Amino acid sequence: MELFSSDYLYISTAEQLSQVKTAISQARSRFFGIDLETTGLDPYENQIRLIQVATSNNPVFIFDLFKFQDLSSLQDIFDNGATKVFHNAKFDLKFLKTAGFVVNGPFFDTMLAYKIVTAGEYKGANLKELCFELLGVEIEKEEQISDWSVPDLTESQLEYASKDAAILLPLQRVLMEEVMNNMLYQVAKIEFEAIEPTVEIELNGMLIDSSKLETLKTEAETELKILQSELQSEFQNSDLNLNSPQQVKKALISKGIEVKSTSKSALVPLVGDFPILGKILRYRKEFKLNTSFLSSLPCHVHPKTGRVHPTLWQMGAVTGRYSCSNPNLQQIPRESKVRECFIVPPGKKLIIADFSQIELRVVAELTQDKKMLAAFNNGEDLHSLTASLVCQKPISQISKEERTKAKAINFGLTFGMSVFALKNYTLINYGLEMSWWQAWRFHDRFFEAYPALKEWHQTEKEKMSSECFTMSGRRRKFPEESWFTVRLNTPVQGTAADIMLISLAFLFEKLKGTETKIIGTIHDEILLEAPESQAAEAANILEDSMKKGGETFLKSVPVEVDVKIGMNWGAK
DNA sequence: ATTTCGAGCGCG
DNA sequence: AAAGCGCGCTCGAAAT
């Protein structure tokens with residue numbers, strides 16, 4: 001196995017720096033491989049020790065930031081038109097931005113590129129594995145966790161640092177070739193241009209109202225204690241652990257309530273006969289609320305910024321969506337009492353915008369179903385329309401409940417949900433019972449009402465291929481040719497993800513130079529924090545960016561965005 | 001004692 | 001009888 005090596009030049013004096021600046025400005029390299037070594041993982045707590053820059057036909061330049069008083073003298077490194085190649089650019093850009101550097105794109109991220117090329121194949125994307133798989137080269141990572149704050153770095157540390165930057169150039173070449181050969185250029189561009197907004201969102205974070213959270217937590221705990229003791233006495237078992245599905249199942253059976261599982265979908269249909277099940281469900285809801293959200297959110301408040309800084313993972317989901325963690329803002333309960341805990345500082349406003357029914361619009365665009373297109377173009381409410389079509393009565397006579405059931409149908413049946421699943425889905429998500437005959441009838445009438453959807457399902461069912469694409473050309477591979485529902489869902493969810501990323505890039509550009517910050521994105525929603533005086537203008541920019549993002553792919557249906565300005569995330 | 005796994009459930 | 005897609009977090013139980 002070939003061991004990768006590289007020459008490097010260690011720069012620690014002003015004199016060396018000025019010489020190297022000339023070399024960099026004359027580098028003519030279209031690509032700069034850039035890597036950092038830092039004293040830790042937190043840009044608000046830790047420092048950059050080294051900046052390594054690899055160009056073609058030069059040794060790797062290693063800048064030791066601990067040896068320079070004034071870091072601004074290093075800014076020139078980034079002031080050029082070269083494509084900046086990083087592995088996980090988000091990490092490095094967060095540090096560079098916090099340290100005051102302005103890094104101009106375009107960017108190429110080898111980690112994201114690898115994920116684009118391999119989406120659906122469930123492969124790790126760390127640098128060592130990429131080098132091995134794509135270049136047949138072994139790199140050592142032992143020094144990665146070494147102490148980067150020592151006064152004088154070892155030869156081995158510098159050697160390691162230089163290799164990590166140097167390897168980015170051949171890696172970029174191979175990955176770019178893969179991207180081009182598979183027509184993944186557009187999606188790569190979308191992902192790379194979303195890096196900066198992602199960096200900004202993570203650095204900005206959100207402000208939370210800790211005292212309000214504390215109040216809610218106390219309330220929840222009181223409620224929880226009451227429910228627990230009531231349940232334990234009803235089961236005549238003071239040791240019963242209500243969080244153990246195993247124990248709960250046993251306890252229920254001993255009371256003559258035969259259940260296969262203790263999941264919500266198994267319990268809800270029986271609540272009418274056994275009120276105790278309702279109590280169990282209420283206990284679980286309160287417990288989840290308390291442990292997953294009320295108790296854990298304050299733990300994520302950063303000591304330096306006083307805000308929570310969730311981690312966003314581009315392509316965290318195989319469809320192209322972000323995933324989010326620490327904390328996962330994508331799963332904060334919708335109840336306004338919880339969302340009201342996400343606030344803005346005095347003098348600021350929170351702007352909330354979400355795409356209206358974006359996935360259904362993508363479905364309409366994909367299938368070109370005449371009725372769907374007409375409904376969207378006439379500004380009709382699609383859920384009411386579906387209700388009217390499946391219930392066979394005029395929209396004006398549709399009840400609230402019928403509309404809600406139609407909503408479930410619109411989401412479920414477009415993605416290949418079975419009749420059984422539809423019935424269950426409606427129950428779990430909307431608390432509405434649907435009889436078998438009703439579910440069947442809705443299913444049949446739905447596809448009669450939207451013939452192009454029926455055709456779409458037919459085509460996808462017969463298709464024999466183990467990959468599918470979004471409108472940006474984003475590819476997802478899957479192991480079975482017969483993954484019908486994945487084939488339906490991925491282009492829809494994935495195209496909506498494409499649209500979100502494009503919108504964020506537009507938005508990021510338009511907000512440059514303003515005091516408005518992007519502070520969150522949740523699938524089809526974007527959150528901004530703006531000075532009060534600029535809120536209205538920022539809301540316009542946000543709406544425009546999202547519409548423009550949507551219009552990249554939606555040509556036959558209008559893109560609609562709901563925008564609200566308020567003081568917290570619970571604002572209606 | 002520590003890691004892994006599945007159940008359950010929050011969100012879009 | 002039949003169980004839409006995409007995630008992350010928390011717990012208890014099983015596995016190591």
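Here the structure is a predicted model, which means the values were calculated and not measured. Chain identifiers are assigned alphabetically (A, B, ...) following the order of the sequence lines, protein sequences preceding nucleic acid strands; residue numbering begins at 1 within each chain.
Distances shown here put a side-chain N or O of A/Lys264 below 4.0 Å from the OP1 or OP2 atom of B/dG10. The shortest distance between the side-chain N/O atoms of A/Ser244 and the OP1/OP2 oxygens of C/dC11 is not below 4.0 Å. Residue A/Thr485 has a polar side-chain atom (N or O) positioned under 4.0 Å from OP1 or OP2 of C/dC5. Within the 4.0 Å cut-off from OP1 or OP2 of B/dA7, not a single side-chain nitrogen or oxygen of A/Asn243 is found. Here A/Ser325 does not reach the OP1 or OP2 of C/dC7: none of its side-chain N or O atoms lies under 4.0 Å away.
If you check distances only, the side chain of A/Gln331 does reach the base of C/dG8 with a donor-acceptor pair under 3.5 Å. A/Gln493 contributes a side-chain N or O that forms a donor-acceptor pair with the base of C/dC5 under 3.5 Å. The base of B/dG10 is not paired with the side chain of A/Arg334 by any donor and acceptor separated by under 3.5 Å.
Ring geometry for A/His443 versus A/Phe447: interplanar angle over 60°, hence perpendicular rather than tilted (30 to 60°). Classification of the A/His302-A/Tyr44 ring pair by plane angle, with boundaries at 30° and 60°, yields perpendicular. Ring planes of A/Phe478 and A/Trp483: parallel class, angle under 30° (limits at 30 and 60°).
Nearest-nucleotide assignment on DNA chain C puts the 5′-proximal partner with A/Ser265, out of A/Val318 and A/Ser265. Between A/Pro245 and A/Ser323, the residue anchored nearer the 5' end of DNA chain C, judged by the nucleotide with its closest heavy atom, is A/Ser323.
At least one side-chain heavy atom of A/Ile332 sits less than 4.5 Å from a side-chain heavy atom of A/Phe342. When side chains are defined from C-beta on, A/Arg474 does not count as touching A/Leu184, because their heavy atoms never get closer than 4.5 Å.
Atom NZ of A/Lys477 is surrounded by more than 12 heavy atoms from other residues, nucleotides or ligands within 6.0 Å.
The separation between A/Ile332 atom CD1 and C/dT10 atom C1' is 14 Å, rounded to whole Å. Distance CG (A/Asn328) to P (C/dT10): 10 Å, rounded to an integer number of Å. The separation between A/Leu297 atom CG and C/dC9 atom P is 12 Å, rounded to whole Å. In this entry the distance linking CG of A/Asp498 with P of C/dG6 reads 16 Å, nearest Å. Rounded to a whole Å, the CG atom of A/Asn489 is 10 Å from the P atom of C/dC7. The distance between atom OH of A/Tyr425 and atom P of B/dC11, rounded to the nearest whole Å, is 12 Å. Rounded to an integer number of Å, the gap from NE2 of A/His443 to P of C/dA3 is 12 Å. Between the CH2 atom of A/Trp440 and the P atom of C/dA3 there is a distance of 11 Å, given to the nearest Å.
A/Gln247 comes within 4.0 angstrom of sugar-phosphate atoms only, judged by non-hydrogen atoms across all strands, and of no base. Among the atoms of the strands shown, none is found under 4.0 Å from any heavy atom of A/Val419. Base engagement by A/Asn424 is indicated by at least one non-hydrogen atom pair under 4.0 Å involving a base atom. Residue A/Leu413 is classed as having no contact, given no heavy-atom separation below 4.0 Å to the nucleic acid. When heavy atoms are screened at a 4.0 angstrom cut-off, A/Trp436 is found touching base atoms of the nucleic acid. A/Arg487 comes within 4.0 angstrom of nothing in the nucleic acid, heavy atoms only. As judged by a 4.0 angstrom heavy-atom cut-off over every strand, A/Ser296 is placed among residues touching the sugar-phosphate backbone only. If you check every strand for non-hydrogen atoms under 4.0 Å, A/Thr490 touches nothing. Across all strands shown, A/Asn241 has heavy atoms under 4.0 Å from sugar-phosphate atoms exclusively, and none from any base. When heavy atoms are screened at a 4.0 angstrom cut-off, A/Gln246 is found touching the sugar-phosphate backbone but no base atom.
No aromatic stack links A/Phe415 and the base of C/dG6, using centre distance under 5.5 Å and interplanar angle under 30°.
Salt bridge annotation for A/Lys517-A/Glu200: absent, with no cationic side-chain nitrogen under 4.0 angstrom from a carboxylate oxygen. Between A/Glu234 and A/Lys255 there is no salt bridge, since no side-chain nitrogen of the basic residue lies less than 4.0 Å from a carboxylate oxygen of the acidic one.
Aromatic ring centroids of A/His457 and A/Phe484 lie under 6.0 Å apart.
C/dC9: Watson-Crick or G-U partner is B/dG8, with both key distances under 3.5 Å.
Taking atom C1' in both C/dA3 and B/dG8, the straight-line distance is 15 Å, to the nearest Å.
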Checklist entry - So A/Phe415 and A/Phe411, ring pair (Phe, Tyr, Trp, His ring centres under 6.0 Å) or not? Walk me through it. => result CA-CA 7 Å; A/Phe415 304 132; A/Phe411 288 119; 7.5 Å; no

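Within a heavy-atom distance below 4.0 Å of DNA chain B, the residues of residues 278-293 of chain A found are A/Arg284, A/Lys285, A/Lys288.
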